[in-house]
Amino acid sequence: MSETSRTLVIENARILDPSRSVDEIGTVIVEDGLIAAAGANALNQGAPEGAERIDASGLAVLPGLVDAQVFIGEPGGEHRETIRSASRAAAAGGVTSLLMMPDTNPVIDSLALAEFVMRTARETAVVNVHPAGALTRGLASEEMTEIGLMSEAGVTVFTNGRNTISNPALIRRIMTYARDYGALFMHETQDARLTGSGVMNEGLFASWLGLSGIPREAEIIPLERDLRLAALTGCRYHASKVSVATSAEVIRSAKARGGAISAGVSINNLSLNENDVGEYRTFFRLSPPLRSEDDRRAMVEALADGTLDVVVSAHDPQDVDGKRHPFSEAEVGAIGLETLLPAALRLHHSGDVPLPRLIEAMTSAPARLLQIDRGTLRPGKTADLVLVDLDAPFVFSEKRIHSRSKNTPFENARFQGKVMRTLVSGRTVYAEGEQGESA
Amino acid sequence: MSAPAPTPPFRHRHLLGIADLSPQEIEGLIDLAEAKVAVSRTREKEKTALRGRTQINLFFEASTRTQSSFELAGKRLGADVMNMSVGNSSVKKGETLIDTAMTLNAMQPDILVVRHHAAGAVALLARKVDCSVVNAGDGAHEHPTQALLDALTMRRHKGRVARLTVAICGDILHSRVARSNILLLNALGARVRAIGPSTLLPSGIASMGVEVFRRMEDGLKGADVVMMLRLQRERMEGSFVPSVREYFRYYGLDAAKLSHAKPDALVMHPGPMNRGVEIASDIADGPQSVIEEQVEMGVAVRMAVMETLLAEREAGR
């Protein structure tokens, strides 16, 4: 592994930096952990003496990915994932910054917990880990947390994690308060009552399986409510994961009315549909649930046209015991840090989403959301970057998984697009083919 | 007397659902069950097809009727039958399922009869054991032996299942009996109708191979078979329908509603019945009712199913 202080020259790479609308063959020069130059003309001054040179012919260099939704088990569920193991999985997936959800035990709902996570991340993580603060104490949707104190400590995003606050008066009050700190109000939009005992998309397929369905309106109604309240309060608002075609329309028209609103989509809802549940395959029990193929296509279109701003892995490690149950009793969620980029690149190879837009949705767009100075190859910025062979085919087998949990919906999936090397602050934290330390 | 083997051969290790079966396999099972009715009616019922075999009835959800029916079927074939009822209260839900499956598997049973409250649970368990598994009902998914016994009952009275008009009435949303019957009746070429308040019909019902009616008077017109479903008590009072009184008024089978069906229409119910909720007592006990006969056919069908599965297993070795 290279030292931070050394100069690194990455030559002959396809430089893809949507933050500067750059897509050209050129050179990236990394000095003291920062980008010194990145582009076709980077070598105008000549390569510095004694620099380490990487010939990146046939590879692309992207800004390191920023994943705006990652669940981690530490503290309280370290058997599922630690901050360290999640960071190694992230590095293997080309993710250099991640937003950690507050759904831990104890919940990240106080300054002390936020600082604990930041400290643990500094000491153990190989990528940048940003804790999101809880919107309500214990995620119980009753009392607001110390948003001011946590903001001052560097928390920029507040969310209720897996839970959706149902009380509109409480949402309004927290939005109003959060606005004073410039904090982002990020929310799942899944109405618990309307979801009821539902475990997968409502429709014919669920009916035949004898499983309770989750209607699309369980997402649309809270989303519409939130957007109205965001407009009322002027709070920065982000719908963390939407899944149905109507949600895209709702967001589109809300954006047309103005306001600081944005929305994300899980890679799962861009890649898979309800039929993947098959014969009660619990690795496909997700929230929001996998929807119909029409909904999936609508999500892809909304990503392509920018209605949906960011793509997240929604990484949610669950141990085997939690998934080895009948579908309706199995834990919800899938890991995704290591498959985010290759799964997203399917949308590039299929021609559905232009490559710059796709990369933007995983780099500069989420960086803006988190208010972090990342997701770019602009000279002077921190050298978080990833070398990718955009066309290399590979099969994602269980033995590749760095995450402590193995609940991937992409087991044995064929991908085209492989992370070859990941750098954080100029330091290599992952290199394909090198035996990594096990998490 | 040796029973005729079903033709063509039955190529499944388990019976998990009607969805897995071809029309020929369904007919084969019903043919064999027909022969088992005769066996059951003789004085000397003791047969030897399952002698020395171990059958375990594993019920995660209580059901005296179905469990007794499987027990009797096994005993009439000469099997050693053990009943296990696993309460949901003591252990965390689901945790027992795979653990119990592994434990039972170590006891080397030949056949496991399983009922579970979760859809897909029986198939999950079947993947963990070496023996044959019969689904005795999994959540709102399937209850294949019920559909087979219903078809046998219809065929004995009407001579065939094809082209019969069968009206399935009531709580189709939560009913595994309805799903298995819709699959089986379609496979054998019957015309299937679904009648119920919209709160008790599953999403996409119109694409499930049925004609949907909201009024009993319309849906029963010209029906050959009227199949009533049980309405669970917790769904009667305000959650899915407003009251028992209102439900009975619109969906309870009484003489007036039954008069819209063919005069010789069969009245069926998988039991246990809620008299005065989904069916009037005089209809349940009336001349068109074949509800008791369904119980008898249940034993015959379960004998046929278990004998077929074990014959397949032995042939496969």
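Basis for what follows: all heavy atoms, side chains included, without hydrogens, waters or symmetry-related copies. In what follows, chains carry the letters A, B, and so on, assigned in the order in which the sequence lines appear, proteins first and then strands, with residues in each chain numbered from 1. As the structure is a prediction and not an experimental result, all values here were calculated from the model.
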Engineer: For the atom pair CZ (A:Arg324) and NZ (B:Lys128), what is the distance rounded to the nearest 0.5 Å?
Structural biologist: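 Separation between the atoms: 4.5 Å.
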Engineer: Can you check whether A:Leu209's main-chain N or O pairs, donor with acceptor, with B:Arg179's side chain at less than 3.5 Å?
Structural biologist: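 A pair under 3.5 Å: no.
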Engineer: Count the heavy atoms of every other residue, nucleotide or ligand shown that sit under 6.0 Å from CZ of A:Arg228, and state whether that count exceeds 12.
Structural biologist: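 Atom CZ in A:Arg228 is not packed in, count stays at 12 or less.
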Engineer: Between B:Gly120, B:Gly204, B:Ala121, B:Ser207, which residue shows the highest count of heavy-atom pairs closer than 4.5 Å to chain A?
Structural biologist: B:Gly120
Engineer: Would you say A:Arg400 has more than 12 foreign heavy atoms packed within less than 6.0 Å of its CZ?
Structural biologist: yes
Engineer: Out of B:Val122, B:Asp138, B:Leu124, which one pairs with A:Pro326 under the side-chain contact (heavy atoms from CB on, under 4.5 Å) rule?
Structural biologist: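 It is B:Leu124; the other options fail the test.
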Engineer: If you look at every heavy atom in B:Ser203 and A:Ser207, which pair is closest and at what distance?
Structural biologist: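 Residues B:Ser203 and A:Ser207, closest heavy atoms: O-OG, 2.6 Å.
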Engineer: Which bit of B:Ala123 is near chain A, if near means a heavy-atom gap under 4.5 Å: side chain, backbone, both or neither?
Structural biologist: neither
Engineer: If I take atom CZ from residue B:Arg127 and atom OH from residue A:Tyr280, how far apart are they, to the nearest 0.5 angstrom?
Structural biologist: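 The OH atom of A:Tyr280 is 10.5 Å from CZ of B:Arg127, to the nearest 0.5 Å.
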Engineer: Does atom CD of A:Glu279 have more than 12 heavy-atom neighbours from other groups under 6.0 Å away?
Structural biologist: no
Engineer: For a 4.5 angstrom cut-off between non-hydrogen side-chain atoms, does B:Leu97 reach A:His325?
Structural biologist: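 The answer is no; the side chains never approach within 4.5 Å.
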